[in-house]
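Reading through the structure tokens given below for one structure.
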Amino acid sequence: SACLVGSEMCIRDRRWPATRAGGLGGSAPRVARWLGDIRQYFPSTVVQVMQRDAIDRLDLRQLLFEKEMLETVQPDVHLVGTLLSLRSLMPETTKATARAVVAKVVAEIERRIADRTRSAVTGALNRAARVSRPRHRDIDWNRTIAANLARYVPSHRTVIPERLIGYGRRQHVAARDIVLAIDQSGSMASSVVYASVFGAVLASLRSLRTSVVAFDTSVADLSALLTDPVDVLFGTQLGGGTDINRAVAYCETLITRPRDTILVLISDLYEGGDVTAMRARLSALHAAGVRVVALLALSDDGAAAYDQGNAAYLAAAGIPAFACSPDAFPDLLAVAIEGGDVAAWAHRELSLIHISEPTRQAEI
């Protein structure tokens with residue numbers, strides 16, 4: 001709860017009509033003024049907490065249907081999640097404003113992660129493309145000499161290389177396939193927002209073939225919308241049940257090169273469908289050479305709740321399962337692209353306890 005001295009509205013005391021109908025009467029202007037007041041007197045991080053508290057705990061979601069309210073709120077990831085879950089109920093006069101709020105948050109996230117993601121992924125692809133048995137014209141002499149200095153022969157005044165390092169040959173097809181499978185249940189709202197933006201950034205790299213699949217009990221392939229992450233977000237439908245097995249089954253149809261494919265399942269792993277089949281599908285993909293990573297959350301909030309039994313099963317099967325922040329995600333992708341040990345990287349870089357039994361939790 002929050003009360004601002006001098007404001008016409010006190011959230012703690014709920015000074016607005018208990019019941020509403022139609023256009024919500026005169027309460028929205030008071031809410032808008034209160035939001036304006038707290039933005040004047042508190043830093044944005046505090047405003048976001050107070051705003052989220054007011055919307056969630058006091059059930060003010062209905063007020064987000066008001067254009068004046070939307071123009072006053074402090075945009076953040078959590079607000080975007082709320083707007084996306086309510087968009088089917090919004091009047092047409094409000095939807096354009098809601099889209100503008102979502103676009104503003106998306107633009108801020110892109111500025112935060114885009115350059116680093118492109119740099120990390122491009123560097124990883126270049127390193128992964130180097131070959132150990134190159135043709136003569138493809139030899140990287142500087143790296144080859146540096147790697148073989150111990151084999152310098154004084155009598156010949158030269159290095160006799162034991163291992164040749166070559167440049168990766170220019171490829172006419174994508175070097176890696178990335179599949180992001182995003183659980184769009186209500187508890188994953190922040191992860192949906194970040195994953196959609198990452199999907200759009202990855203899709204801008206011609207060296208990758210990126211697919212984004214959103215799922216609840218149904219599956220929606222949003223890959224055709226990746227030119228605009230706002231369109232991707234408005235293609236999701238937050239809320240409802242979860243059928244991970246069905247989503248993974250669809251992702252299997254997108255995989256044509258298992259050993260060149262990275263499947264990132266972003267889900268809290270609470271399965272409403274066939275748990276046994278879901279586990280078997282993911283294990284089979286891993287065994288076929290697909291780099292499968294299960295992210296319990298892709299957000300700054302960590303993994304508040306997840307199915308520990310499924311997470312432990314995947315970890316035991318060799319599929320890393322942990323929560324990851326958006327800032328760490330580019331490095332995770334780089335490790336996966338290079339074929340590195342994602343589990344070891346996560347343990348080292350995220351300072352988390354890996355899930356190896358049901359009682360353990362992943363912590364950032």
Side-chain angles (χ1 to χ4, degrees), residues 44-45 48 74-81 83-84 98-129 171 174-184 188-214 221-236 260-266 291 293 295 297-302 322-338 340 342 345-346 349-350 364:
S44 61
T45 52
Q48 291 174 9
Q74 176 79 34
D76 64 9
V77 170
H78 299 291
L79 178 63
V80 168
L83 290 176
L84 293 175
R99 187 178 178 90
V101 171
V102 173
K104 182 176 182 180
V105 175
V106 165
E108 291 175 355
I109 294 174
E110 278 193 296
R111 283 194 292 271
R112 171 181 167 186
I113 60 96
D115 288 344
R116 185 178 177 192
T117 300
R118 294 190 183 101
S119 175
V121 169
T122 301
L125 288 170
N126 288 338
R127 290 188 293 273
Q171 302 194 26
R176 294 290 186 278
D177 295 343
I178 307 288
V179 180
L180 301 182
I182 310 171
D183 182 344
Q184 57 184 356
M188 300 293 294
S190 295
S191 298
V192 170
V193 176
Y194 283 116
S196 297
V197 178
F198 272 113
V201 172
L202 294 173
S204 69
L205 297 173
R206 288 184 293 179
S207 51
L208 298 177
R209 186 180 70 174
T210 304
S211 302
V212 171
V213 175
D221 191 332
L222 305 178
S223 305
L225 304 176
L226 288 177
T227 53
D228 186 348
V230 178
D231 286 340
V232 176
L233 284 170
F234 275 88
T236 63
D260 291 323
T261 300
I262 299 165
L263 170 62
V264 183
L265 173 63
I266 304 168
R291 305 279 294 177
V293 180
L295 292 187
L298 178 58
S299 72
D300 295 309
D301 302 328
F322 53 90
C324 180
S325 69
D327 289 335
F329 188 65
D331 293 334
L332 184 159
L333 279 178
V335 173
I337 288 171
E338 291 185 63
V342 173
W345 169 86
E349 299 296 331
L350 302 182
I364 292 183

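As the structure is a computational prediction, the values presented were derived from the model and not from experiment.
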- pair Leu205-Leu125: side-chain heavy atoms closer than 4.5 Å: no
- Message: Run the side chain to side chain contact (heavy atoms under 4.5 Å, CB included) test on Asp327 and Arg116 for me, step by step, so that the C-alpha distance in whole Å, both residues' side-chain angles and the decisive distance to 0.1 Å come before the verdict.
- Response: CA-CA 9 Å; Asp327 289 335; Arg116 185 178 177 192; 3.9 Å; yes
- Note on the structure: Note: Cys324 and Phe329 closest approach over all heavy atoms is SG-N, 3.7 Å
- So, for Pro330 and Ala120, which heavy atoms are closest and what is the spacing to 0.1 Å? O-CB, 3.7 Å
- Residues that Asp221 engages under salt bridge (charged side-chain N to carboxylate O under 4.0 Å, His left out), provided they are two or more places apart: none
- Salt bridge check: are Asp177 and Arg291 linked by an N-O gap of less than 4.0 Å? no
- Message: Tell me the closest heavy-atom pair linking Val193 and Gly81, and the distance in Å.
- Response: CG2-N, 4.5 Å
- Query: What's the shortest heavy-atom distance between Ser325 and Asp300, and which atoms?
  - Reply: CB-OD1, 4.2 Å
- Side chain proximity check, Arg99 to Val230, heavy atoms < 4.5 angstrom: yes
- Work out which heavy atom in Val293 is nearest to a heavy atom in Val342; give both atom names and the distance. CG2-CG1, 4.2 Å
- Check the pair Ser207 / Arg176 against side chain to side chain contact (heavy atoms under 4.5 Å, CB included), numbers first and verdict last. CA-CA 7 Å; Ser207 51; Arg176 294 290 186 278; over 6 Å; no
- Task: Answer whether the closest heavy-atom distance between the side chains of Ile113 and Tyr194 falls below 4.5 Å.
- Result: no
- Item | Atom of Pro229, atom of Val197 and distance for their closest heavy-atom approach | CB-CA, 4.1 Å
- Are side-chain heavy atoms of Ile182 and Ser191 found at a separation under 4.5 Å? no
- When rounded to the nearest 0.5 Å, the distance separating CZ of Phe234 from CG of Leu222 is 13.0 Å
- pair Leu332-Leu295: side-chain heavy atoms closer than 4.5 Å: yes
- Item | Short side-chain to backbone donor-acceptor contact, Ser119 and Asp115, under 3.5 Å | no
- Audit row: Val105, Ile109, side chain to side chain contact (heavy atoms under 4.5 Å, CB included) steps and yes/no: CA-CA 6 Å; Val105 175; Ile109 294 174; 4.0 Å; yes
- In this structure, which one of Asp183, Val80, Thr236 forms a side-chain contact (heavy atoms from CB on, under 4.5 Å) with Val192? Thr236
- Message: Measuring from atom CD of Gln184 to atom CD1 of Ile266, what distance do you get when rounded to the nearest 0.5 angstrom?
- Response: 12.0 Å
- Message: Let me confirm one number: the CD1-CD1 distance from Ile337 to Ile262, rounded to the nearest 0.5 Å.
- Response: 4.5 Å
- Item | Val212 backbone acceptor or donor facing Ser223 side chain under 3.5 Å | yes
- To the nearest 0.5 Å, tell me how far Ser211 OG sits from Leu226 CG. 8.0 Å
- Message: Does Val264 form a side chain to side chain contact (heavy atoms under 4.5 Å, CB included) with Leu298? I'd like the steps, not just the answer.
- Response: CA-CA 11 Å; Val264 183; Leu298 178 58; over 6 Å; no
